[in-house]
Protein chains: 2
Amino acid sequence: MVPIIERQPKKQRHQQLLRIIEENPFVTDRELTRLLKVSIQTIRLDRMELGIPELRERLKLMAERSYDAVRSLQLDEVIGEIVDLQLDKSGISIFEIQKEHVFSRTGIARGHHVFAQANSLAVAVINDEIALTSAADIRFLRSVRLGEKCIAKAFVRSHSGGKSKAKVEVFTYVGDEMVFQGHFVIFRSAGERANEGGSERADRD
Amino acid sequence: MVPIIERQPKKQRHQQLLRIIEENPFVTDRELTRLLKVSIQTIRLDRMELGIPELRERLKLMAERSYDAVRSLQLDEVIGEIVDLQLDKSGISIFEIQKEHVFSRTGIARGHHVFAQANSLAVAVINDEIALTSAADIRFLRSVRLGEKCIAKAFVRSHSGGKSKAKVEVFTYVGDEMVFQGHFVIFRSAGERANEGGSERADRD
DNA sequence: TACTGAATTAGTACCTGGTGATAATAGCTG
DNA sequence: CAGCTATTATCACCAGGTACTAATTCAGTA
C-alpha cells in the first residue's frame, strides 16, 4: 500500500514551495530550507520535480519578460492595438480583456480599462502635437468579460479650425453588441493646420 | 603632455560599453571582450569606472522593477492607495503619477490613469458584493504632471436602499488645486449588504 | 523478522559570472 | 632613461547553484 501518511507531507510541502516562490521569486534554496525545515537537497529535488528553475534563471526570466514588457507596454502610448486610423476623422482599435483587467472574483472587466481603450483612441485620432482629454461623458452599456475582444470605433465630430477643442465619439463593441459609448472633448494644441476637410456632421445620435 | 592618442580610445570604449549594455543588459563580460577586443580585466575596470553592476545584479534589478510594477499595476484591484474609506459614504485615495502614466514627450498624465483612480475609488466606496461603473460624466480641469500626487475624494450622493444604482462624486486634487471631477453612476448588486460571510470588504477580490 | 522502496539527507566535484588584490607588461612621453 | 597610464595576467575566493553517488530513515509488508 502507498504510505499516504508519508506522501501527504511531501505534497503539502510542494504546495507550500510553489506558494512561497510564487509570492517571492527572489528566495534562495538556503532560505527555503529555513522556511520548510528540510535539507537543501530536498529543496532541490522538489524544485526539479516541480520544474522550478533556480533563482538566477527565475530572475533572468523575469528580467526578460519585463524587458519585453517595458518595450511593449510602457513605451506604448495607446491602450489597445490601433488597426485603422484616419487622422481627424476616425479610428479603430482592438483590445482583448485579459485577467489583469478584470475583477478576479467576477471576471468582469474593470471600467477604467474599457475607458482607457476609448480614451487612448480618442486622443490618437486627433492630428495634433498635443491632445489631452478635457471632458467625457460615458456609458457602460453592458459588462465586458474576461477574454472578450473590444473593438472601439472613434469618430471625430468637430475639429473646427481655429478652436482648441475637438469632439470625438467612441463606440466599443464586442461582436456586434455595443458595450460602451463615450463622448469625449479633446483639448488640442494651437498649431493645427488650416485644413477643414471633414464635412461630417452628426449622422449618428 | 596628456597622451590623448591613448585617452580617446578609452573614452570611446566607455561610450561603446554604455551603449552596448544599454541596448542589451544581458551581455556577460566575456562576450564584451569579443565585442570590444580588450581583455576581461579591462572590461571589469571599465564597468567599475562607469559604475555598471555585474550581469547578475543587472538582471536582479530588472526583475525587482518588473516585480514591483506587476504588483502595483496588475494585481492591484484599486488604482491608487486608499487611505480612508467609509463605506456608502466617502473615501480618499492617493495616486502618484509616475513615468509609466504620462505621455513621454510631454510628461502629462494620460487621462485614463486619472480616471482609473477615481473610478476605482468610486467602486470601492460602494458597500456591495458587486459594484460596476454604469456611466460617468467627467471633467479634466487641468493637466497633471509627472511626479504629482493625486488625492481623490469620493462622496456617495445617493444609495437609496432598494435601488440598484448609486451616485458617487469624485474630486481629485493636486495640493489644493482641483484637477479632475467626475460624476459616477455605479451599478450595485441587489443586497445592500450580504450578511453571509462577515468581513466582505476585507477581501478585495 | 528481514526486506523493499520511497523519502530524505549528506557530501563531493564542478560550473558560471563574477569580486578583489597584486603584479607584470606595453607604449608613449618628456 | 625614468615615469606614467593603460592594459593584461594570475590567483584566491564567492554565491548559488547542477549533477552525481551514497548513506540514512522509516513505514509497510511478504
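Chain naming here is simple, since letters A, B, ... match the order of the sequence lines and numbering starts at 1 in each. Treat the numbers as computed from the prediction; the structure is a model and nothing was measured.
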Expressed as a whole number of angstroms, how long is the span from [X]:[atom1] to [N]:[atom2]?
| X | N | atom1 | atom2 | result |
| --- | --- | --- | --- | --- |
| K11(B) | dA6(D) | NZ | C1' | 14 Å |
| L55(B) | dC14(D) | CG | P | 21 Å |
| R30(A) | dA10(C) | CZ | C1' | 13 Å |
| Q12(B) | dA6(D) | CD | C1' | 15 Å |
| E54(A) | dA19(D) | CD | C1' | 12 Å |
| K60(A) | dG17(D) | NZ | P | 15 Å |

- Message: For a quick test of reading the model: is some side-chain N or O of R13(B) closer than 4.0 Å to OP1 or OP2 of dT7(D)?
- Response: yes

- Query: For residues 139-151 of chain B, which residue pairs qualify under salt bridge (Lys or Arg N to Asp or Glu O under 4.0 Å), counting only residues two or more places apart or in two chains?
  - Reply: E96(B)-K149(B), D137(B)-R139(B), R142(B)-E148(B), R142(B)-E177(B)

- Query: side-chain hydrogen bond (donor to acceptor under 3.5 Å, both in side chains) between E81(A) and S93(A): does it pass, once the steps are laid out?
  - Reply: CA-CA 5 Å; E81(A) 185 193 357; S93(A) 86; over 6 Å; no

- Decide, yes or no, whether a salt bridge links K10(B) with E49(B) under the criterion of side-chain N to carboxylate O below 4.0 Å. yes

- Angle between terminal axes - the helix from dT1(C)-dA30(D) to dG30(C)-dC1(D), 5 pairs each end, rounded to 10°: 30°

- Query: Got a sec? Which of residues 34-53 of chain B come in under 4.0 Å of DNA chain D, heavy atoms?
  - Reply: V38(B), S39(B), Q41(B), T42(B), L45(B)

- Task: Could you tell me whether F115(B) and F184(B) have their ring centroids closer than 6.0 angstrom?
- Result: yes

- Message: Is there, by distance only and without an angle test, a donor paired with an acceptor across the side chain of R56(A) and the base of dG16(D) below 3.5 Å?
- Response: yes

- Query: Knowing that exactly one of R34(B), R47(B), R58(B) qualifies, which makes a salt bridge (charged side-chain N to carboxylate O under 4.0 Å, His left out) with D29(B)?
  - Reply: R47(B)

- Message: Quick one, R188(B) with D88(B), criterion salt bridge (Lys or Arg N to Asp or Glu O under 4.0 Å). Give me CA distance, side-chain angles, the key distance, then yes/no.
- Response: CA-CA 11 Å; R188(B) 60 198 315 186; D88(B) 283 334; 3.4 Å; yes

- Query: Any luck finding a side-chain donor-acceptor pair between Q181(A) and T172(A) under 3.5 Å?
  - Reply: no

- Task: Verify whether one side chain among S134(B) and K165(B) offers a donor that lies under 3.5 Å from an acceptor in the other.
- Result: yes

- Query: Once the angle between the rings of H113(B) and F95(B) is folded into 0 to 90°, is it parallel (under 30°), tilted (30 to 60°) or perpendicular (over 60°)?
  - Reply: tilted

